[in-house]
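Below: the structure, in structure tokens.
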Amino acid sequence: MSRPETSSRLVMKFGGTSMADLERIRRSAAIIAAEVRAGRQVCVVVSAMAGKTNELVAWTDGAGKPAAGIDPCDDEYDAVVASGEQVTAGLMALTLRNMGHRARSMMGWQVPVLTDTAHGRARIEDIPPDNLARALEKGEIVVVPGFQGVTRDGRIATLGRGGSDTSAVAVAAALECPCDIYTDVDGVYTTDPRIEQKARRIDRISYEEMLEMASLGAKVLQTRSVELAMARRVPVRVLSSFITPDADGRLPGGGGTLICDEEEIVEKRIVSGVTMSRDEARVTLLGVPDAVDRPALIFRLLAEASVNVDMIVQSQSRSDASVNLTFTVGRRDAARASDLMQSAKAEIGFAELRVDEDVAKVSVVGVGMRSHAGVAQTMFTALSDKGIRIQAISTSEIKISVLIDAAYAELAVRALHGAYGLGYV
Ligand code: ADP
Ligand code: ASP
Ligand code: MG
């Protein structure tokens, strides 16, 4: 898989496994050196060493929660968790220098990567390209820590877990160049290769399909990075960092996935991929009075508390004039959603509340669904053949998702992967 060579500039992002220790950093540096040798100006974006951010997050948890009446410490959480990338950016610049290259690190506040003030899940608002461009023009390899930025009042902010992908795409958009994401798999697969060994690498995938796959659980790219790439038309490749340049310092060709416009894809598929997310919780209100204003009331309470609702199912209960209402939220919002419902029990008038976190969402994604019938039927047949009960369904133009018992999630992924003929035979 190759991308059209339109730019002599390139952003190269290396994820946590590719930066896991000094040896992995040296190997990633050799890949960067190969692109520099090929005449490119390279801006590198790095993640923290694999596992580092989890450790930092655990430390901030260990430091305790603020007492009642004291502001939340999200800005200090960011000051701590952003440090993992500061270390690897410096180490990568050091390694490149030791290999004879001109290289320097440039922290989020130095670039600057300007963000809003939503600490812990900040959005990038702007990256003025001048400082980066000046260094690149001087012949330096610039190494930028992913995941971090700076608010307009000078506080460090982080972009949410997996956010270095978004940093990389945002830097590429600012520099108007392509973005190569180096990770521990050699591309985007038809499903997570850790779940299904028969998964196949996808040569090219559209922004839209990749956006659905990422938001439905394919963690190979952070959802926001795909959103940004799509909005700014940044060509993104996903590649393996487990490669070695040849004796002449050239990178092996082949492999990888290009994320691009639908029109650039020759091979037409109905279904491109299967994804799975365990980050789901099901909330059920039993015996809600069948009054026209109740759904509006329930979802207003959730919206006011910024709880994102995904699937919704309402069913008539057979015995009286009441309905059962089921909805799903992200797992971390389950307790909040439950508290909100309990505190409005009298107003809503439901009989019983149930929350179940032992659920998973399995989805099939493909732009071909727009013009082909029978995709849902294949899905439901494959699941029923395995005896897997569907608890809720949601669809969009290019995806179908089902909520199932978490215990069957991987079985369902494999069954669907086979049913759509996605794997190797
Ligand atoms: P990095 O540390 O480089 O950011 P991640 O762990 O965030 O890497 O993402 C890579 C992982 O994403 C792979 O190891 C793979 O298990 C997982 N993954 C999930 N779904 C897919 C998919 N459809 N294609 C490729 N990888 C996937
Ligand atoms: N280090 C951060 C994380 O683990 C960001 C990233 O790797 O993309 O979430
Ligand atoms: Mg990642």
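Keep in mind the model is a prediction, meaning the values are calculated, not measured. The basis for the numbers below is simple: all heavy atoms, side chains too, and nothing from hydrogens, waters or symmetry mates. Counting starts at 1 for both ligands and their atoms, in listed order.
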How far is [atom] from the closest protein heavy atom, and which atom is that?
atom                   : value
atom 6 (C) of ligand 2 : Ser164 OG, 3.3 Å
atom 3 (C) of ligand 2 : Arg161 NE, 3.3 Å
atom 7 (O) of ligand 2 : Ser47 OG, 3.0 Å

Open item on the list: Tell me if the CZ atom of Arg232 is crowded by more than 12 foreign heavy atoms within 6.0 Å.
Closed with: no

Open item on the list: If you count heavy atoms of other groups shown closer than 6.0 angstrom to CZ of Arg121, is the number above 12?
Closed with: no

Task: salt bridge (charged side-chain N to carboxylate O under 4.0 Å, His left out) partners of Asp246, counting only residues at least two apart - done: Arg250

Task: Qualifying residues under salt bridge (charged side-chain N to carboxylate O under 4.0 Å, His left out), relative to Arg414, sequence neighbours excluded - done: none

- [ ] Inspect the contact between Arg269 and Glu267 and indicate whether a charged nitrogen and a carboxylate oxygen are less than 4.0 angstrom apart.
- [x] yes

Task: N or O pair under 3.5 Å between Gly162 and ligand 2 - done: yes

Task: Donor-acceptor contact below 3.5 Å, side chain Ser384 vs main chain Gly387 - done: no

- [ ] Report yes or no: is the cationic atom of Arg24 (NZ for Lys, CZ for Arg) under 6.0 Å from the centre of the six-membered ring of Phe242, at an angle within 45° of the ring normal?
- [x] yes

Open item on the list: Could you tell me if Ser396 and Glu212 have a donor-acceptor pair between their side chains, going purely by distance under 3.5 Å?
Closed with: yes

Open item on the list: In this structure, does ligand 2 have an atom that sits under 4.0 Å from one of the heavy atoms of Gly163?
Closed with: yes

- [ ] Could I get the full list of side-chain contact (heavy atoms from CB on, under 4.5 Å) partners for Ser167, not counting sequence neighbours?
- [x] Val45, Leu159

Open item on the list: Test of understanding: given a 4.0 Å heavy-atom threshold, classify the contact between Glu85 and ligand 2 as side chain, backbone, both, or neither.
Closed with: side chain

Tabulate distances under 3.5 Å between N/O atoms of ligand 1 and N/O atoms of the protein, writing both atom names on each line.
{"unit_1": "ligand 1", "atom_1": "2 (O)", "unit_2": "Gly16", "atom_2": "N", "d": "3.1"}
{"unit_1": "ligand 1", "atom_1": "3 (O)", "unit_2": "Thr183", "atom_2": "OG1", "d": "2.7"}
{"unit_1": "ligand 1", "atom_1": "4 (O)", "unit_2": "Lys13", "atom_2": "NZ", "d": "3.3"}
{"unit_1": "ligand 1", "atom_1": "6 (O)", "unit_2": "Lys219", "atom_2": "NZ", "d": "3.2"}
{"unit_1": "ligand 1", "atom_1": "8 (O)", "unit_2": "Thr183", "atom_2": "OG1", "d": "3.1"}
{"unit_1": "ligand 1", "atom_1": "14 (O)", "unit_2": "Asp184", "atom_2": "OD1", "d": "2.8"}
{"unit_1": "ligand 1", "atom_1": "14 (O)", "unit_2": "Asp184", "atom_2": "OD2", "d": "3.3"}
{"unit_1": "ligand 1", "atom_1": "14 (O)", "unit_2": "Arg194", "atom_2": "NE", "d": "3.3"}
{"unit_1": "ligand 1", "atom_1": "14 (O)", "unit_2": "Arg194", "atom_2": "NH2", "d": "2.6"}
{"unit_1": "ligand 1", "atom_1": "16 (O)", "unit_2": "Asp192", "atom_2": "OD1", "d": "2.9"}
{"unit_1": "ligand 1", "atom_1": "16 (O)", "unit_2": "Arg194", "atom_2": "NE", "d": "2.6"}
{"unit_1": "ligand 1", "atom_1": "23 (N)", "unit_2": "Tyr189", "atom_2": "O", "d": "3.0"}
{"unit_1": "ligand 1", "atom_1": "24 (N)", "unit_2": "Tyr189", "atom_2": "N", "d": "2.8"}

Open item on the list: Using a 4.0 Å cutoff against the non-hydrogen atoms of Thr53, which atoms of ligand 2 qualify?
Closed with: 1 (N), 2 (C), 3 (C), 4 (O)

